Amino acid sequence: MTHVILGATGQIGTELAKWLHKDHGKRIRLVSRSPRQVNNCDELFAADLLDPAQTLNALQGASAAYLTAGLPMDTQRWVQQWPILMDNAINACKTHGTKLVFFDNTYMYPQTNATQTEDTGFQPHGEKGRIRAQIANTLLAAMRRGEIEALICRAPEFYGPGLTQSISNTTIIEKLKAGKTPVVFLRNDTLRTLIYTPDASRAMALLGNTPDAFGQTWHLPCDDNRPTYRQFVELAAREFSVSPHHRIVK
């Protein structure tokens with residue numbers, strides 16, 4: 001049976017396609033507005049995930065779907081479009097009897113120094129956190145009602161190769177590569193939980209192919225040796241053989 005990646009052109013989806021093929025030998029359908037082949041045997045399916053009919057057609061014959069879609073960091077687009085994306089994915093999976101694996105973030109958690117576990121309650125701060133809590137709750141409610149077999153993979157701030165779109169890549173790695181001064185928000189001496197995109201995608205592929213993992217939320221494994229952003233900048237600067245000088249901005 002086919003495994004489908006919804007939102008396949010981002011770095012998480014791209015890495016996921018590699019691991020689904022390499023580790024699990026799956027037949028893969030890559031879905032996005034302009035899908036690009038990752039493995040030679042991948043099936044490409046052009047679809048707008050904001051369109052319910054196109055999303056439904058994309059999951060025809062699929063045993064599992066991985067929702068790795070992302071939206072630009074525009075609050076209004078998140079508020080308007082994320083609920084539509086989630087509803088379309090859930091309804092398509094329900095129609096076809098497809099399992100759903102959702103790649104989520106940690107925006108809905110309280111912004112404290114308490115340890116975050118899969119049982120941490122949602123206390124979103126700001127509109128982005130509120131909308132992420134809303135779509136997660138939508139999926140969790142469908143799971144509780146038995147309408148869909150699904151699991152949630154939750155990852156913190158990530159960094160990685162290729163077209164990884166994250167704060168750490170944009171404000172640190174890409175600036176160092178371009179010979180510019182990297183930027184750290186607020187402070188550089190706080191320990192940060194970070195995840196490497198190939199690791200996140202490989203863990204997601206494993207969970208999606210573990211039957212008894214469904215029905216749960218999973219925090220993807222991260223390195224216990226958490227760096228501060230000062231240390232992260234120093235490590236990256238060493239790799240690029242440039243100065244680790246950086247700015248802290250409010």
Side-chain angles (χ1 to χ4, degrees), residues 9-16 18-19 68 70-75 77-78 103-133 136 152-204 206-207 217-250:
T9 52
Q11 197 62 29
I12 294 297
T14 299
E15 297 287 347
L16 176 61
K18 295 177 184 177
W19 293 119
T68 64
L71 291 173
M73 293 296 285
D74 178 280
T75 301
R77 286 187 66 177
W78 279 38
F103 185 80
D104 200 5
N105 61 28
T106 61
Y107 281 36
M108 72 293 296
Y109 287 146
Q111 295 186 4
T112 67
N113 62 359
T115 300
Q116 294 172 351
T117 73
E118 288 88 345
D119 296 321
T120 297
F122 295 172
Q123 296 180 34
H125 180 81
E127 279 293 277
K128 288 191 177 71
R130 183 190 66 79
I131 205 66
R132 295 301 300 207
I152 296 174
C153 303
R154 195 158 282 148
E157 168 70 11
F158 49 81
Y159 69 99
L163 300 176
T164 298
Q165 294 180 327
S166 69
I167 292 173
S168 297
N169 268 64
T170 302
T171 64
I172 297 175
I173 295 175
E174 297 303 326
K175 286 189 178 295
L176 287 171
K177 286 171 65 176
K180 298 179 181 179
T181 301
V183 170
V184 173
F185 292 110
L186 300 180
R187 54 191 303 162
N188 65 1
D189 58 353
T190 300
L191 295 176
R192 302 286 180 173
T193 302
L194 305 174
I195 192 167
Y196 186 53
T197 48
D199 292 342
S201 296
R202 192 174 195 179
M204 189 179 188
L206 176 60
L207 287 167
T217 295
W218 297 85
H219 281 184
L220 301 183
C222 305
D223 191 343
D224 286 338
N225 298 315
R226 295 182 298 157
T228 64
Y229 264 135
R230 179 192 293 119
Q231 293 170 321
F232 186 81
V233 172
E234 289 171 350
L235 285 168
R238 194 178 308 150
E239 290 297 317
F240 296 126
S241 300
V242 296
S243 168
H245 173 70
H246 57 278
R247 294 190 300 114
I248 300 174
V249 297
K250 293 182 179 180

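For the numbers below, each heavy atom of this structure counts, side chains included, while hydrogens, waters and symmetry mates do not. In this text, all values refer to a predicted model and were calculated from it rather than measured experimentally.
Of the residues R247, Q231, R230, the one that meets the side chain to side chain donor-acceptor pair (under 3.5 Å) test with N188 is R230. None of K180, E174, K175 except one satisfies the side chain to side chain contact (heavy atoms under 4.5 Å, CB included) rule with K177; the exception is E174.
Atom-to-atom distance recorded for L206:CG and R202:CZ is 9.0 Å, nearest 0.5 angstrom. To the nearest 0.5 Å, atoms CG (L220) and CD1 (I195) are separated by 5.0 Å. The distance from atom CG of L163 to atom OG1 of T197, rounded to the nearest 0.5 Å, is 10.5 Å. Rounded to the nearest 0.5 Å, atoms CG (D224) and OG1 (T193) are 9.0 Å apart. For the atom pair I172 CD1 and T181 OG1, the distance stands at 12.5 Å (nearest 0.5 Å). Here the OH-CD distance, from Y229 to E234, works out to 14.5 Å after rounding to the nearest 0.5 Å.
Side-chain contact between W78 and R132 is present, with at least one heavy-atom pair separated by less than 4.5 Å. Using a 4.5 Å heavy-atom threshold, the side chains of T68 and M204 count as touching.
Taking the six-membered ring for Trp and thresholds of 30 and 60 degrees, Y159 and Y196 have ring planes inclined between 30 and 60 degrees apart.
Taking all atoms of both residues into account, the shortest heavy-atom contact from M108 to D104 is CE-OD2, 3.5 Å. Summarising the geometry of P110 relative to Q116, their closest heavy-atom pair is O-NE2, 3.7 Å, with the distance given to 0.1 Å. Across every non-hydrogen atom of Y109 and G121, the tightest pair is CD2-O, 4.1 Å. Scanning both residues, P244 and V233, for their nearest heavy atoms gives O-CG1, 3.3 Å. Residue S201 comes nearest to E15 through the heavy atom pair OG-CB, 3.3 Å, listed as atom of the first residue, atom of the second, then distance. Scanning all heavy atoms of the two residues, the minimum distance from T14 to T9 falls at OG1-O, 3.7 Å.
Side chain to side chain, T217 and E118 fail the donor-acceptor criterion of an N or O pair below 3.5 Å.
At most 12 heavy atoms of other shown residues, nucleotides or ligands fall within 6.0 angstrom of atom CD in Q165. When the shell of 6.0 Å around CG of L191 is examined, it contains more than 12 heavy atoms from other residues, nucleotides or ligands.
Between the side chain of N169 and the backbone N or O of G160 there is at least one donor-acceptor pair closer than 3.5 Å. The backbone N or O of P161 lies less than 3.5 Å from a partner atom in the side chain of T164, making a donor-acceptor pair. A distance-only check finds no donor-acceptor pair linking the side chain of R192 to the backbone of T228 [under 3.5 Å]. E157 places a side-chain N or O within 3.5 Å of a backbone atom of I167 that can act as its donor or acceptor partner. Remark: the backbone N or O of V184 is not paired with any side-chain donor or acceptor of T171 at under 3.5 angstrom. Proximity of a side-chain donor or acceptor of H125 to a complementary backbone N or O of Q123 within less than 3.5 Å is not detected.
The salt bridge (Lys or Arg N to Asp or Glu O under 4.0 Å) check on D189 picks up R187, with sequence neighbours excluded.
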Evaluate W218 against I152 for side chain to side chain contact (heavy atoms under 4.5 Å, CB included), listing each step before the verdict.
CA-CA 6 Å; W218 297 85; I152 296 174; over 6 Å; no

Apply side chain to side chain contact (heavy atoms under 4.5 Å, CB included) to the pair I173 and F240, showing each step before the final yes or no.
CA-CA 9 Å; I173 295 175; F240 296 126; 4.1 Å; yes

